[in-house]
Amino acid sequence: MKSLREAWRAAIATAVAAYLEEKGADPSIASAIVAESPPDASMGDIGFPVFPLAKPLRMGPPQIAAAIVERLAGSTLPPGTCKAVGPYVNVFLDRAAVAKAVVSAPVAGASYGSSDSLAGTRIMIEFSSPNTNKPLHLGHLRNDALGESVSRILKANGAEVLKINLINDRGVHICKSMLSYMTYGKGTTPDSEKVKSDHFVGDYYVRFNDLKKEDPQAEEKAQDLLVKWEAADPETIDLWKTMNEWAVSGIRRTYDRTGVSFDKFYYESQIYLTGKEEVQKGLANGAFFKAEDGSVRIDLSAIGLEEKVLLRKDGTSIYMTQDIGLAIHRHEDWPFDRLVYVVANEQQYHFKVLFYILEKLGYEWAKNLFHLSYGLVNLPEGRMKTREGTVVDADTLLDSLRDQALEEIQSKGREDSVADPVATAEQVALGAVHYYLMQATPSKDMIFNPAESLSFNGNTGPYIQYMGARISSMLRKRDRGEGKAGAGTIKPELLSGNAEWELVKLVASYPEAVELAGAGYNPAVVASHLYAVASAFSRFYHDEPILTCEDPDLAATRLALSEAVLVVLRNGLGLLCIPFLEAM
RNA sequence: GCGUUCGUAGCUCAGCUGGAUAGAGCGACGGACUUCGAAUCCGUAGGUCGGGGGUUCGACUCCCUCCGGACGCACCA
């Protein structure tokens, strides 16, 4: 589709340039010719507005369109025909030619939709980066799904991707859950209490609030504990290790559950002192300056900001110092062309400053750093608040959706049709959450409605999974010898009807969606394309017989189209971290 | 106060680098199952794209301004 579109654009641009020259106008204006999609397929498949030519040619757009079409008549063109439709030159593609390519999609299989648009590009992507004092919540699910999905999309476009996770395993927040456990834990463990280990740790973090009420010095004690940790006090380190192990192993179970994985883990406890030398270097070469109070700072007036401290007057480092060191360290670890940080939009300032600093330090790769900023996930009831206990825990949410999906499977009497009802319900739940989170534009805040996400109707994950299951079901029947498709031959030219054509075009343009999603770090592009494919298929399936078609050739051909749709759904859902289901 | 960002149908969201009558889904109302999975499909109602200017042949899209919301403006992370 993309190559056809480009071929037509080039052909028309050439004709336009020749026409401009003939009329004594500047032929370079022909580059203003861009491809659009007509609002209705009856008007054509690709549209080229000629408005920009009106002034230089001193002619009305409709006359120009007609003249261009006339000129094109003599030349060799890509498959299809063109026609002047008002002020547009519209192209009607050769349906059989496109259909022929589409029915061969199953041959490409898992690689259908992949491109080499980012071939040779090494991209490091950091996401998730949890704190080890509590389990993952709904907001993390958006972060994780975004990071994992963008990684898969970038890979599908040919990039070499390294997924990394920075575990925030030190700091006063960790000390609070430690202190709370020291007070109330009484030697219990996740195993002894039969609680998922990250939740076990999180519960003590919450109980720190009780501790504060009982002991007014609790905050100070947590600070003291941090000092002891930094001094490597053996007992403190021991407890810290134990509790971190609990937290991290629990969090990893949630990653496994949601299909998220990492190539490399970094631990804040191991790198929090890095960056100081880099700041010293910057001080030496004049990028930074020493303030009157002795702190090292950078002047940010060049980017419209004030000053930022990079080293305290006592020489200790801060968050920014750490991130400077870490970025440089990472580039040494794995020299990347781009580094993507998947971090909530509340840190926009931080990254703006960080990128500027790295540029000032002279790293040429600094201009290829990207903050994939995403918005908050809110609930229909309002914002999630830790203090009010309205934070939606990731595991709890998935459990609840899984149970609801299971009830649905049971009430539809489909337990015998799926291999493992509970596992299937789990996959439906995952499809519900991930699709809902991925269909929204990353940068915007969004409202997550659990009930809506799980609906089998409308623009949801389960709906798309269902279409995949229906196609799978037909293919199983064909393989069992049902219907007449087995006796027919695939004839792409039979797919020229309007119902088929809509579907053919959507399957054909799927690779473009993957490319666009990669260019914009935006899985929502894939999600909306999948929904368009699924709903077009559903209409087709409803209106036309496929497997049950009387004509064997038509049955075989329609089934081939269905199989191509399946390939798109399978690959696309994969990019969104949503399981494809053969039956549900 | 300054900065960033968002404001599209009752609700949740699309709308690609400005282009042909602003699109979906949910909800509402009304239809379609002895037929490939009705976990589906079809139809109807519903928007002066927050207000006002401007640029353009053309603005939901770009610029200015006002209103409203979110986030940020730490020697916290």
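Quick note on labels: first sequence line is chain A, next is B, and so on, each numbered from 1.
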Student: Hey, do the aromatic rings of Y319(A) and H350(A) have their centres closer than 6.0 Å?
Tutor: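 Close enough - the centres of the two rings lie under 6.0 Å apart.
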Student: Distance from H329(A) atom NE2 to Q270(A) atom CD, nearest 0.5 Å?
Tutor: 9.0 Å
Student: Please convert RNA chain B into dot-bracket. A pair counts if it is Watson-Crick or G-U wobble with both distances under 3.5 Å; crossing pairs go in [ ] and bases paired with another strand get |.
Tutor: (((((((..((((.........)))).(((((.......))))).....(((((.......))))))))))))....
Student: Using the C1' atom in both, what is the distance from U21(B) to U17(B), to the nearest Å?
Tutor: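 Between the two C1' atoms, the distance is 24 Å.
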Student: Between the side-chain atoms of N90(A) and the base atoms of A20(B), is any donor-acceptor pair under 3.5 Å?
Tutor: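 Checked by distance alone, the answer is yes.
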Student: Quick check on the 6.0 Å ring-centre criterion: do Y531(A) and Y463(A) meet it?
Tutor: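 Yes - the distance between ring centres of Y531(A) and Y463(A) falls below the 6.0 Å cut-off.
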Student: For RNA chain B, determine which residues of residues 51-67 of chain A have any heavy atom closer than 4.0 angstrom to one of its atoms, and list them numerically.
Tutor: F51(A), P52(A), K55(A)
Student: Taking the six-membered ring of F289(A) (Phe, Tyr or Trp), confirm whether the NZ or CZ of R297(A) is under 6.0 Å from its centre and within 45° of its axis.
Tutor: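 The answer is no, since R297(A) fails at least one limit relative to F289(A).
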Student: Mind listing the closest non-hydrogen atom pair of N522(A) and P442(A) along with its distance?
Tutor: OD1-CD, 3.2 Å
Student: Decide salt bridge (Lys or Arg N to Asp or Glu O under 4.0 Å) for E512(A) and K2(A); before the verdict, give the C-alpha distance in whole Å, the side-chain angles of both, and the deciding distance to 0.1 Å.
Tutor: CA-CA 7 Å; E512(A) 289 170 62; K2(A) 192 192 176 189; over 6 Å; no
Student: In terms of the nearest nucleotide of RNA chain B, which residue is placed more toward the 5' end: S443(A) or K308(A)?
Tutor: S443(A)
Student: Looking across every strand, which nucleic acid part, if any, lies under 4.0 Å from E346(A) by heavy atom: base, sugar-phosphate, or nothing?
Tutor: sugar-phosphate
Student: Using a heavy-atom cut-off of 4.0 Å across all strands, would you classify I318(A) as base, sugar-phosphate, or nothing?
Tutor: sugar-phosphate
Student: Please compare S473(A) and S538(A) by the position of their nearest nucleotide in RNA chain B and report the one closer to 5'.
Tutor: S473(A)
Student: Go through it in stages, so that I can follow the logic: the residues are Q465(A) and F580(A), the test is side-chain contact (heavy atoms from CB on, under 4.5 Å), and I'd like the CA-CA distance, side-chain angles, deciding distance and then a yes or no.
Tutor: CA-CA 6 Å; Q465(A) 287 175 314; F580(A) 179 90; over 6 Å; no
Student: What interatomic distance, in whole Å, is found between C1' of C49(B) and the corresponding atom of A24(B)?
Tutor: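 Here A24(B) and C49(B) have their C1' atoms 15 Å from each other.
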